[in-house]
Amino acid sequence: MSNEPAYLTKGPDAVLMRLLKGLTHDVTNRRLIILLVALVVVFGLLIGERFFSQATVQSMAFQLPELGILSLAMMITLVSGGLNLAIISTANLCALTMAYIMTTHVPGAEGFIWVGWQIIAICAGLAVAAVIGLLNGFVIAYLGVSPILTTLGTMTMVKGIAIGMTRGNVLSGLPEPIVFIGNGTVYGIPTAMIVFAIVAIPVAIMLGRTPTGAATYMIGSNEKATRYSGIDTKRVILRVYLISSLLAAIAGLVMMARFNSANASYAESYLLVTILAAVLGGVDPMGGFGKIAGLILSLIILQVISSAFNLLNFSQFLTLAIWGTILVAVMAVPNIRRRLGFAD
Amino acid sequence: MATFLDLKNISKRFGGVQALTDVDLTLEAGEVHCLVGENGSGKSTLIKIISGVQPPEAGGVINIEGRSYTHLNPVESTRSGIQVIYQDLSLFPNLTVAENIAVGQHLGGFHPVDWAAIRKIAETAMARINVHLDLDAKVEDLSIANRQLVAICRAMAADAKLVIMDEPTASLTRHEVDALLSLVRELKKKNICIVFVSHRLDEVLEVAERVTVLRDGKKVGTYAAKDVNDKKLAMLMTGKEFSYDLKETDLSNRKTVLSVKNLSRKGDYKNVNFDLREGEILGITGLLGSGRTELALSLFGMNPPDEGEIKLDGKTLALKSNREAIDNGIAYVSEDRLTLGLVLEQPIAANAIVTILDKLKGALGLIPLGARESTVERWVKDLSIKVSNTGNAVKTLSGGNQQRVVLAKWMATNPRVLILDSPTVGVDILAKDGIYEIVRGLAQKGVAVIMISDEIPEVLYHSHRILVMRQGRLTGEFEPHKSSEDQIRVAVNA
Amino acid sequence: MHDLFQRLKRRHEFWLASVIAVLVVYLSIATQGFLTLQNLFDLLTSYAFLGILAAGLLVVLISGGIDISFTATASIAQYITMLLANKYGLDWFSVFAIAIIVGLVLGAINAVLIDRLQISSIIVSIATLNIFYGLLVFVTGGKYIYSLPSWFGKGIYWFEYVDAEEISYGLNLQILALFVMFTITWLLLNRTNIGRQIYALGGNREAAQRLGFNVFRLNILVYCYMGLTAGVASLIQAQLAQSVAPTVLVGKELDVLAAVVLGGASLAGGVGTVLGTILGLALLAIMQNGLILIGVSSYWSQFFVGLVILLSVSATALSARRKRKGNLIE
Ligand SMILES: Nc1ncnc2c1ncn2[C@@H]1O[C@H](COP(=O)(O)OP(=O)(O)O)[C@@H](O)[C@H]1O
Ligand SMILES: [Mg+2]
C-alpha cells in the first residue's frame, strides 16, 4: 500500500483508480471488459475510422438508454429472486397515460399551465406505474404467488388495459420539451443518456449502500433466512416491484419521447432482451447476485455490436442472433475453464 | 458369521487432500456396525468407495463375499447387494410411495410401465420388514420418519445384503429413533449387515455390535460396542479429552431479565412459567415436537401466544414481529442453520450485519463504507472466526465457523436475551467446545441465555439450570450439580 | 364418497374443472352461440397450435427445465418445410417428417447447451430464441410464403357430417394433431419408464443421478420432444393460416407458458399433468371465446385474460396457504 505512487491514493485520480479497481475486481466484469475491448478492436479493424466517429458514438448514446432503463427495471427484480415480465406493458401504459394528457391538455395552453400539464402528465404516468408495481409486489410478497405467474398475469392485464383504452391506436404529437428528452442533446450528450445516468446512479446506490439493497440481495438467495434475521422481507419485495415499475415508467417516457408517440405494443421484443442483458452483466437469474456496473458493461457490449452491425449494413436480426451467441459463450466460460483445469 | 465385505488398504486423495489413508474394514453378514468420526474424517468418502461412486487409489482391495475388486462401479455395487441410504434419503417427493420403493423398475431402456408389478414389489418390500404405508400417498406428504421407512423399503426391494445409513437419526424424534433401531434389529435377523454413520454417540452404542473410529482419514481402530462409552469414543475421535465439571453457581443476587407467565398457545405449548436472570444459562430440553421451538419463536415475536405475558426488564412485551423482539434485545439462533440461520450463498460480511442494517444506516439512509467493514472485522476477531476473506460465501466455511457467524450476527444486535435452539447440530466435537466457550463468555458479560437442546449432556454440562419440556408443558426443573443424565432422560421420556 | 371428495379437493385439476364448468354453464345460458358444435370445432381448431406446444412445454417443465425458444423453432420448421414442399412437391408424411426433424435438431441444440455447459435452461432458451429467430429472419429477409402446395392448403377433412342446417363438420388436421399429440404425451408421461424418469428427474435431480438415470439422455429426450411438438404445431398453424410468416409466431411463448402453469405445472419441476394442461388451455380458450360471445369488445379481451390469470393464481396461493396454516414453520 505505502509504496504506491501518491497519485494512486490521493485526488481525483484516486477516485478513478478505485472505480477501475472495483470494476476489474469482479471476475464477471473482467471478462466483460476483455470482451468489450476485443469487440472494439475487431469492429475498429473491420469498419475503420467511421466506427470511432462522433456520430457513431452519439448514436450509440441515443439508443442505449431505452434498453438500459428497462434492463434496470428487470434487474432489480432478478436480484431479489424474482422477475418482472410486466415491464414493457407497464412502460407502454404509462407512456399512453402521459401522452393522453399531453395531447389533450398541452396544446393551446401557455406559460405556466403549459409546463404544469406536462409535469402533471409525467406524475400521472408514474402514479399508474406505482399502482401496477404495488399490485405486483402485493401479490408476490403478501399472497405468495410466484413472480413469473404474477407478472405474466399483470403483463397481460396491463397490456389489455392499454389496448382497451386506445383500441390499439397510436397517440402522437408531443410537446417540444418531451421530444427533447428523446432526441435532444446537452453539451453533445443525448438527453436520454442523462436520464439514464440520473436513474442508474440512485439504483446503484440503493442496491449497494442502503439497508433495502443489502436486504434485496439476501432475499434473492434465501427469503426465509432473511426474514428470520429480523428483516421485513415482504416490505422489501413490495418496494423492489414498486421501484421496478417506476423505472419502467421512466423507460416509457424515454421511448415515447424518442418516437414522439405512444402505443400499447411498442418495444415488446425487448422483454426477453432485458433478461439477456442482465444475465450477461452477471445477474444471477436465480437471484442474489448482480451489480449495476456489470449491467452497464453488458449494455455497452450489446450496443456496440448493434451499432457496428448497423454500420456494416447487417440486418438487426443478425444482431439478435449474435447477442444470443454472446450470452451462451459468456455463460459457458466458467464451465469450459473448469474442464480445462483452470482454477477460478 | 460370514464376512460380507472386506476392505484392505483403502486410500483416497482429492487433489492435495488425503481423505483416506490405508483403511481396513471388515463387515460381517448380520452385524450392525457403526462408523464414527469428526466432520471431514473420511466417513462419506469411505461410503462412496463402497457404493462405487468413487474409486480408491491403486493398491486397495475390495472383497465382496469372496470376490475381489480393485474398485467398484455403482451398478456392480448394487448388484452385489449394497444399498446406501443417504442423509437426504434420495426420494422423489412428487412420486407415490409405491413408485419410490420400486423405482428400480424405471431403470433400463425404453419400456412400458407395469403398474401392477410396481405395487406388488412395494407391498412385498413393506411386508418383509413389517411396515405399513399407503402405497398411493405422495412421499412429500409423509413425515420424515415415514420417508425413511420408504427409503429402507427401497433397499429391501433391491435385495440388499448391506445397508449403509448416513446419519439416519439426525432429524427424527426419540420415538422415531426407537422405531428405527428396532427395525435395524429386524434387518439384522434377516442376516443383513447394517452400517450406521451417526453423530449421536449414545444411539450408536445402543444398537451397534462394533464401532469403527476414523480420524483424519486414518482408522483409529474397531472396538466392540460394549467396551466403549461415549466419552471414550469422543476421545478416540478427537484425540483429546473433554471433561466438564458441574459446579454450583449462585445467581440469586442477579436481576431478573425475562419473566414468562402462564404463556399458552393452542397446539404448541401450555401454561409456561419461568424467570431468567442476567448472566444465567437456562437449558431447556425435551423431545422434538415437545413445543420447545414454538416457545422460542413466541419469545422471538414470530409465533404470537394466545395467553399469558412476557416481561423483559419488568416491561410487558406484546411482540408483533421478530424485528420488535430484536429491538427489545431478544435474539434467536435457529435450529436450522443451513436454511434459516444463514444465507449460505451470500458473503460472510453480509450475513454478519444483516440484523443491524438499520442501525448502520447513516446520513441519507446510506450505510457508510467503513461501518460495514469495521463491524464485520470486529466480530470476526471477537469470535475468532477463521476466514480468509469476509467477501466469500458463508457456505465455504466449516459447520463450526458457520455457527460462529450466526452468533456474530446476533451478538451484533447487542441482545439482553439470547435464545439458542440446538446450537451445535451438525457441528463436530471440537467446534462444539468452541461454541460452548463463546456462550459462557456471553453469560459472563451479563447476557441471559436460553439453550434449547435434545442432547442431554449439552444442557447438563453447560447450563446453570435445566427445564424439561414435555408435550407443551414444562414438567421438571433440575440443578446440574444435583442431577444426573439418567434422571433428566427419565423426565424427558416419561 | 366423502373420502373421494377430500382427495379430489386437493387436486388443482378439480378446481380448474369447477371454474370451467361454471363458465360453460353460464355461457350456455347467456349466449346462443357458445354451446354449438360449430363453436366447439372452431375453438379446437384455433387453439390446436397453442395446445400442441403446451403439451411439449409441459414435459419440459416436469423435468425441471424451461424452454421458451420453441416459437422460433416452430418458425424455422415451417419455413424450411414449406420451402421444400413448394420446391419438391412432397406429401403429408414427408412434410411432417421434415418439420419434426428440424424440431428435433434445434431441441437437441438446447439440450446439449443446457446439459454439457451446465447453463440454466432459462438462459439457454432465451439465447437460442434470439439466435434461431435472428438467423431465420436474417436469412429469409422476413419474406412471407403465400403459396402453399394445393394439397397442403386443402388440408384434411375426415368423417364429414352435415347437420340439419347444412353446416358440415369434420375431423380436420388441427384437431387430429391436437388429439394425437396429447395422447402421445399422456402415454409418454404415464405409461413409459422414461416418462416416470422425467417426473423423478424434476422431483429430485440428485437422487435421479445417484440411482443411475442417464440425465443427459433424458434432457435430450425432453428438449427434442419439445422440438417435435414445435415441428408438428408449426405445420398445422401454417395450414390454418394458409401462409408462412417468419415473424408471427415469436412472441407467443408466454401464452403457452401461461396455459401450462395455469394447468398446475410448477416451474420448480416434477409437477404437472396432461389433464391439467388441457384444462388450463380450455379455461383460456373458453374465456376468450365467451367474452366475444357476450359482446365484450375484442379490444378488452386481453385485459380479462390477464385478470383471470391473476385471480386464479392468487386464489390457488391463498388456498395453499390456508392448508399450511397451523403448520408453523412453512
Ligand atoms: N470430492 C471431493 N473433492 C475434494 N475433497 C474432498 C471431496 N470429498 C471429500 N473431500 C475431502 O476429504 C475429506 C474427508 O471428507 P468426508 O469423507 O466427506 O468426511 P466425513 O464424511 O467424515 O465428514 C475432507 O477433508 C473433505 O474436504
Ligand atoms: Mg459426511
Side-chain angles (χ1 to χ4, degrees), chain A residues 83 85-86 89 135 138-139 143-146 148-150 152-168 224 264-265 268-269 271-273 275-276 279-280 284-286 314-329 331-336 338-339, chain C residues 66 68-69 113 116-120 122-142 246-247 250-251 253-255 257-258 261-262 266-268 297-318 320-321 329-330:
Chain A
L83 133 140
L85 294 174
S89 58
L135 175 66
F138 175 77
V139 174
L143 300 186
V145 181
S146 82
I148 194 165
L149 285 179
T150 308
L152 199 60
T154 43
M155 171 186 91
T156 316
M157 199 169 82
V158 167
K159 188 181 174 198
I161 295 173
I163 292 178
M165 304 286 281
T166 62
R167 317 210 129 218
K224 240 159 90 179
S265 37
E268 279 180 337
S269 59
L271 180 57
L272 296 175
V273 175
I275 302 179
L276 186 151
V279 173
L280 181 63
D284 186 336
M286 303 301 146
F314 289 159
S315 138
Q316 51 157 324
F317 290 96
L318 196 59
T319 307
L320 274 188
I322 298 298
W323 283 359
T325 313
I326 294 261
L327 176 64
V328 173
M331 296 307 291
V333 168
N335 187 282
I336 291 170
R338 214 176 313 124
R339 288 207 183 183
Chain C
I66 189 170
I68 47 175
S69 66
L113 290 174
R116 295 284 101 159
L117 296 179
Q118 296 290 312
I119 312 175
S120 79
I122 179 93
I123 298 179
V124 167
S125 60
I126 286 179
T128 51
L129 171 68
N130 283 292
I131 298 172
F132 296 163
Y133 179 58
L135 287 178
L136 173 70
V137 185
F138 172 64
V139 172
T140 63
T247 52
V250 169
E253 51 281 336
L254 294 182
D255 295 343
L257 184 65
V261 289
L262 258 185
S266 155
L267 292 156
S297 148
S298 67
Y299 289 116
W300 281 102
S301 84
Q302 195 166 5
F303 165 74
F304 287 102
V305 172
L307 191 66
V308 164
I309 296 178
L310 208 54
L311 287 179
S312 76
V313 294
S314 300
T316 310
L318 278 178
R321 169 176 298 197
I329 296 139
E330 314 156 31

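Order of the sequence lines sets the chain letters (A, B, ...), proteins ahead of strands, with each chain counted from 1.
- Counting heavy-atom pairs under 4.5 Å between each of A/Val273, A/Val139, A/Leu135, A/Ile148 and chain C puts A/Ile148 at the top.
- Of all the heavy atoms in A/Leu272 and C/Ile126, the pair that sits closest is O-CG2, 3.8 Å.
- With rounding to the nearest 0.5 Å, the separation of CG in C/Asp255 from OG1 in A/Thr156 is 7.0 Å.
- Comparing C/Leu135, C/Val261, C/Val305, C/Ile123 by how many heavy-atom pairs each has under 4.5 Å with chain A, the most go to C/Ile123.
- With contacts defined as side-chain heavy-atom distances shorter than 4.5 Å, the pair A/Leu271/C/Leu254 qualifies.
- At a 4.5 Å heavy-atom cutoff, C/Leu136 makes no contact with chain A through either its backbone or its side chain.
- Residues A/Met165 and C/Phe303 fail the side-chain proximity criterion, which asks for heavy atoms closer than 4.5 Å.
- Residue C/Leu307 touches chain A through both its backbone and its side chain, counting heavy-atom pairs closer than 4.5 Å.
- Contact of C/Ser314 with chain A is made through backbone and side chain together, with heavy-atom distances under 4.5 Å.
- Looking at heavy atoms from C-beta onward, A/Gln316 lies out of side-chain contact with C/Val137 at the 4.5 angstrom threshold.
- A/Val328 touches chain C through backbone and side chain together, each having a heavy atom under 4.5 Å away.
- Heavy-atom pairs under 4.5 Å with chain A were tallied for C/Val313, C/Ile122, C/Val124; the largest tally goes to C/Val313.
- No side-chain heavy atom of C/Ile309 sits less than 4.5 Å from a side-chain heavy atom of A/Thr154.
- Contact of C/Leu311 with chain A is not made at all, since no heavy-atom distance falls under 4.5 Å.
- With a 4.5 Å cut-off on side-chain heavy atoms, A/Met331 and C/Leu117 do not count as touching.
- Among the candidates C/Phe132, C/Tyr133, C/Phe138, the single residue satisfying the ring pair (Phe, Tyr, Trp, His ring centres under 6.0 Å) test with A/Phe317 is C/Tyr133.
- Nearest approach of A/Ala332 to C/Ile119, heavy atoms of both residues: N-CD1, 4.0 Å.
- Across all non-hydrogen atoms, the minimal contact from A/Arg167 to C/Ser297 is NH2-OG, 3.7 Å.
- Between A/Leu320 and C/Gly134, the shortest heavy-atom contact is CB-CA, 4.2 Å.
- Contact record, A/Gly324 with C/Ala127: O-CB, 3.4 Å, taken as the closest heavy-atom pair.
- A/Lys159 approaches C/Gln302 most closely through the heavy-atom pair CD-NE2, 3.7 Å.
- Proximity to chain C (any heavy atom under 4.5 Å) is restricted, for A/Leu327, to the side chain, taken from C-beta onward.
- The residue among C/Leu113, C/Leu129, C/Thr128, C/Asn130 with the most heavy atom pairs within less than 4.5 Å of chain A is C/Asn130.
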